[in-house]
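What you see is a predicted model; the values in this text were computed from it and never measured.
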Amino acid sequence: MGYNPPPEAVMALPYDPQHFEAKWQEIWAREGFASVDTAGEKDLYMLMMFPYPSGDLHVGHGRNYILGDCMFRLFLQQGRRVLNPMGWDAFGLPAENAAIKNNTHPREWTVRNIGRMKDQFRRWGILYDWDKELASCEPEYYRWNQWFFNRLLDKGLAYRGSSPVNWCPSCQTVLANEQVKDGGCERCRTPVHQRELEQWFFRITEYAERLLEGLDRLPNWSDKVKTMQRNWIGRSEGCDVRFRLEGTDEPITIFTTRVDTIYGATFMAIAPEHPLAERCRATAPDADYGAFLDRLRNQTRLQREAEGGEKEGRFTGAYAVNPFNGERLPIWVANFVLMEYGTGAIMAVPAHDERDFAFATRYAIPIRVVIAGAGMGADTVLAEAYTGPGTVVNSGPFDGLASEVSKTEMGIYAEQRGFGKRIVRYRLRDWLISRQRYWGTPIPVVYCDRDGIVPIPDAQLPVVLPTDIRFGEVEGNPLAHSPSFLAATCPRCGGPARRETDTMDTFVDSSWYYLRFVNPHVHDRMLDAERVKGWMPVDLYIGGIEHAILHLMYARFFYKVMHDFGMVPNDEPFQVLFNQGMITAFSERTGKIEKMSKSRGNVVSPDALIARFGADTERVYTLFMGPPEKEVEWSDEGVAGAYRFLQRVWGLQDVVAAAANQPGGPEADEKLRVATHRAIRKVTDDLSRYHPNTAIAALMELCNSISDWQSKASGEVVREAYEALLKLMHPMAPHTSEELWQLLGHPQSLLRSGWPTYDAELLARQTVTVAVQVNGKMRTTVDLEPGASAAVATAAAREAAAKWLGDKEVVKVIHVPDRMVSFVVKG
RNA sequence: GCCGGAGUGGCGGAAUGGCAGACGCGCGGGACUCAAAAUCCCGUAUCCGCAAGGGUGUGUGGGUUCGACUCCCACCUCCGGCACCA
């Protein structure tokens with residue numbers, strides 16, 4: 001059996017995707033398959049994370065968009081009304097750096113790249129509703145960043161504050177905590193420095209609890225992303241306790257999660273940046289105290305981490321009084337206490353905290369057990385800190401309580417006496433949005449000598465980026481050197497004012513673009529309440545895992561704020577989140593398998609690939625490589641396999657034509673029909689759970705079945721199989737399937753030809769192969785009618801397994817209908 | 001250290017607790033060809049065996065079960081995140 005080539009005369013042309021791919025791209029665009037009027041009823045809103053228009057797309061980028069297009073086409077074939085827009089995250093540093101390098105304007109570079117990328121999408125056969133296209137660098141878009149900034153300001157959710165911030169000397173700007181990775185700038189890896197600066201913040205900490213709680217209502221987000229966000233938010237329950245600075249009435253507050261150990265505190269430790277540390281400069285006993293402080297404060301995060309947890313400190317000379325027992329505790333400055341977390345001061349309990357233990361050991365500070373675990377007593381000498389639970393000892397009135405109980409009791413005690421408070425703290429910091437760069441949304445405020453910080457009234461928005469800027473001529477932010485931009489009028493008093501020259505973090509843009517897509521042509525307001533109510537939330541959001549914290553947390557924050565403002569109908573923007581894995585490749589330069597990137601020299605360009613094999617080959621291969629959520633390595637051999645598959649499908653048109661009038665036979669017809677309908681069932685199921693890889697495997701099997709039965713089945717059945725194959729493969733290989741569909745004589749696009757349904761009755765009446773086990777070992781199989789009774793199945797299985805059963809006693813028979821029969825025998 | 005995910009042929013990978021290795025790549029053999037490429041057909045976990053057949057196999061060790069890649073416990077390795085967070 002196999003491929004019997006039909007006579008030369010009727011042979012179709014060889015598979016040549018160059019010949020028809022562009023044609024179909026044009027037809028799809030012209031017919032407007034992707035356009036949706038959002039004034040109408042919502043069916044489904046799907047979205048890919050909008051890209052930064054960097055210009056060069058490689059096959060690794062393709063994965064995201066190809067997967068999305070595959071799902072989109074499936075939905076369209078199934079007759080659904082789907083909003084699937086695309087836009088550009090168009091502000092950002094690369095454009096500005098390119099402008100400096102080439103002496104152009106960031107806009108030119110950006111617009112050119114957008115053009116290139118749109119063209120790339122088209123050549124991949126990817127459809128979007130381009131009528132909804134937006135670019136965040138357009139005043140039409142970013143004016144709403146400014147408008148929303150004003151709303152945040154109204155509610156006290158935007159504020160200007162001073163705090164130690166991360167400064168990247170290479171990018172010449174500050175960064176949010178979320179944008180610092182391993183102590184370096186996430187973009188350029190330059191170590192960041194801490195600087196005390198006045199900057200604009202969004203009060204995301206106000207929403208910490210709700211950001212945390214909301215995660216529980218997102219069953220269709222991966223645990224990975226949710227865990228990352230939970231870690232980032234870093235909730236911990238504890239107690240603030242107010243100590244007194246000895247010899248004064250001055251309080252010094254610490255935060256602890258282990259108030260149950262407070263009788264074991266033998267010293268207090270404060271961060272080098274703590275105000276008290278500075279005040280003790282003159283009186284501290286160690287001569288190098290001041291130098292020590294300066295050294296710690298000037299350390300970068302990276303340097304601090306490089307010290308590998310080595311505990312170091314100096315005695316300040318001051319003492320704190322423990323409000324629980326009146327004991328005086330020496331106050332030390334310690335390198336392991338962070339000013340950013342809690343109050344920047346801790347009570348140190350060496351017996352029950354590893355860090356405190358290490359520090360106390362080094363500086364010969366007493367260690368006092370107050371929690372006795374199993375086998376421990378009040379006088380146990382510890383070789384290491386005991387951090388587990390136990391019975392409270394050496395703790396006055398609390399002795400004998402279980403540590404968990406005393407944690408609550410002591411908290412209540414402190415509250416009643418007025419020197420403490422049970423409290424929840426978070427690791428999450430407020431979102432620093434100021435950037436000292438040009439290519440971003442101007443922060444809409446002015447500084448007036450008389451009125452101070454004055455926001456630009458809504459009616460005067462947008463504050464537009466000036467265009468008379470020469471790039472590369474001055475250090476730092478060119479806005480700060482633009483006299484026309486700087487000079488402003490105070491909206492309040494009409495006097496002269498200086499305009500804010502910082503721009504907004506580009507993550508502000510991406511925090512709400514998915515809302516603008518619903519009403520991109522509404523010009524008098526940010527959002528159209530009706531349409532937003534109709535279409536939000538996004539049902540399916542596809543993007544890379546690299547945004548697990550940054551974009552996805554900021555967007556959730558914005559959405560919750562908007563919910564509180566009554567602007568959106570619910571409080572989580574993305575129902576289902578699908579994170580596709582990276583495509584990697586071997587890099588000659590580094591000798592490793594790594595993420596594709598220009599700098600690693602391991603990119604595969606889609607241009608050459610499309611020129612040689614066509615876009616469908618790249619699509620099929622990309623989807624076939626492995627499950628889309630996993631990381632996979634690109635292989636040129638694998639591409640050839642995808643090409644071969646498409647070629648075989650193409651070649652089958654001759655087979656179908658040759659079989660057209662043949663009568664077939666009942667057995668062959670049934671066999672091929674079963675193969676066809678099983679494929680329909682499997683492809684439908686697999687695609688709906690985002691497994692295009694196994695869906696393609698099923699298509700390959702159907703293709704093999706058609707080859708196998710083409711000469712024996714009737715022309716009608718062969719054609720049915722082939723038409724199903726074309727419909728089923730359309731989401732993965734849209735050009736090839738459309739062309740073949742048309743060659744079969746169908747005037748309508750596959751996008752309007754429906755999705756096949758399978759004949760459940762046909763599949764249900766097929767004989768089933770039932771496994772036969774003896775003592776748990778798989779021995780043989782029997783073919784049975786579906787739904788065979790236990791008696792029938794057991795009898796057949798007993799006969800088939802006679803060889804293994806012999807005359808042994810059958811103790812038990814387990815029958816799983818249509819699956820297996822298992823004998824348990826004795827002896 | 002804590003949290004999440006993963007470990008299956010030469011490779012990418014399939015398998016609601018019920019025939020492990022679908023499908024593809026690669027490799028071997030064959031057909032076609034003067035020859036090669038392309039294409040098509042057959043084979044391809046491993047060990048014993050000419051074969052029929054049988055043994056062993058899903059990171060390691062235990063457990064639950066008639067039956068475990070799948071569930072439970074302990075451990076190892078890799079990937080990702082957080083990390084002196086009090």
Base, sugar-phosphate, or nothing: which does [X] touch, judged by heavy atoms less than 4.0 Å apart?
{"X": "S222(A)", "value": "nothing"}
{"X": "E633(A)", "value": "nothing"}
{"X": "K803(A)", "value": "sugar-phosphate"}
{"X": "V816(A)", "value": "base"}
{"X": "R779(A)", "value": "sugar-phosphate"}

What distance, rounded to whole Å, do you find between the two [atom1] atoms, one in [N] and one in [M]?
{"N": "G30(B)", "M": "A20(B)", "atom1": "P", "value": "33 Å"}
{"N": "A74(B)", "M": "C3(B)", "atom1": "P", "value": "12 Å"}
{"N": "G7(B)", "M": "C69(B)", "atom1": "P", "value": "14 Å"}
{"N": "A52(B)", "M": "G67(B)", "atom1": "P", "value": "30 Å"}
{"N": "G18(B)", "M": "C72(B)", "atom1": "P", "value": "15 Å"}
{"N": "U65(B)", "M": "G10(B)", "atom1": "P", "value": "34 Å"}
{"N": "C48(B)", "M": "G57(B)", "atom1": "C1'", "value": "15 Å"}
{"N": "G62(B)", "M": "A68(B)", "atom1": "P", "value": "14 Å"}

Check whether any side-chain N or O of [X] sits under 4.0 Å from OP1 or OP2 of [N], and answer yes or no.
{"X": "K777(A)", "N": "U56(B)", "answer": "yes"}
{"X": "R427(A)", "N": "A83(B)", "answer": "yes"}
{"X": "R235(A)", "N": "C82(B)", "answer": "no"}
{"X": "W804(A)", "N": "G54(B)", "answer": "yes"}
{"X": "K812(A)", "N": "C66(B)", "answer": "yes"}
{"X": "Q773(A)", "N": "G18(B)", "answer": "no"}
{"X": "R819(A)", "N": "G67(B)", "answer": "no"}
{"X": "T694(A)", "N": "G13(B)", "answer": "no"}
{"X": "N704(A)", "N": "G24(B)", "answer": "yes"}
{"X": "R644(A)", "N": "C25(B)", "answer": "yes"}

Original post:
Can E312(A) and R295(A) be counted as an ion pair, charged N to O under 4.0 angstrom?
Top reply: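 So E312(A) pairs with R295(A) through a salt bridge.
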Nearest-nucleotide pick for [X], side chain only, options being [options]:
{"X": "M820(A)", "options": "C41(B), G18(B), C66(B)", "answer": "G18(B)"}
{"X": "P627(A)", "options": "G5(B), U39(B), G13(B)", "answer": "G13(B)"}
{"X": "H691(A)", "options": "A15(B), A22(B), C40(B)", "answer": "A15(B)"}
{"X": "I814(A)", "options": "C82(B), C66(B), G13(B)", "answer": "C66(B)"}
{"X": "N693(A)", "options": "G54(B), A15(B), G13(B)", "answer": "G13(B)"}
{"X": "M700(A)", "options": "G18(B), G24(B), A86(B)", "answer": "G24(B)"}
{"X": "D223(A)", "options": "A86(B), C41(B), G5(B)", "answer": "G5(B)"}

Original post:
So how far is it from N231(A) CG to R427(A) CZ, rounded to the nearest 0.5 Å?
Top reply: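 CZ of R427(A) is found 8.0 Å from CG of N231(A).
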Donor-acceptor pair, [X] side chain versus [Y] backbone, under 3.5 Å?
{"X": "D240(A)", "Y": "K421(A)", "result": "no"}
{"X": "T257(A)", "Y": "G238(A)", "result": "no"}
{"X": "R362(A)", "Y": "K311(A)", "result": "yes"}
{"X": "T781(A)", "Y": "V770(A)", "result": "no"}

Original post:
So is R314(A) actually on top of W332(A)'s ring, under 6.0 Å and inside 45° of the axis?
Top reply: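 No.
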Original post:
Taking the six-membered ring of F255(A), is NZ or CZ of R425(A) closer than 6.0 Å to its centre and within 45° of its axis?
Top reply: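 Output yes; distance and angle both within limits.
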**OP:** Using a 90° cut-off around 0 for syn, call G9(B) syn or anti.
**Re:**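 For G9(B), whose glycosidic angle is within 90° of 0, the conformation is syn.
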Original post:
Has E354(A) got more than 12 heavy atoms of other residues, nucleotides or ligands less than 6.0 Å from its CD?
Top reply: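 Open: at most 12 neighbouring heavy atoms sit under 6.0 Å from CD of E354(A).
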**OP:** Can you establish whether the number of heavy atoms outside Q766(A) located under 6.0 Å from its atom CD is more than 12?
**Re:**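 More than 12 heavy atoms, drawn from other residues, nucleotides or ligands, come within 6.0 Å of this atom.
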**OP:** Using a 3.5 Å limit on both pairing distances, list the dot-bracket string of RNA chain B from the 5' end; Watson-Crick and G-U wobble pairs count, crossing pairs take [ ], interstrand pairs take |.
**Re:** (((((((..(((.....[....)))((((((.......))))))((((....))))..(((((..]....))))))))))))....
Rounded to the Å, how far apart are [X] [atom1] and [N] [atom2]?
{"X": "H352(A)", "N": "C84(B)", "atom1": "NE2", "atom2": "P", "answer": "23 Å"}
{"X": "R230(A)", "N": "A83(B)", "atom1": "CZ", "atom2": "C1'", "answer": "18 Å"}
{"X": "R681(A)", "N": "U16(B)", "atom1": "CZ", "atom2": "P", "answer": "13 Å"}
{"X": "E701(A)", "N": "A14(B)", "atom1": "CD", "atom2": "P", "answer": "14 Å"}

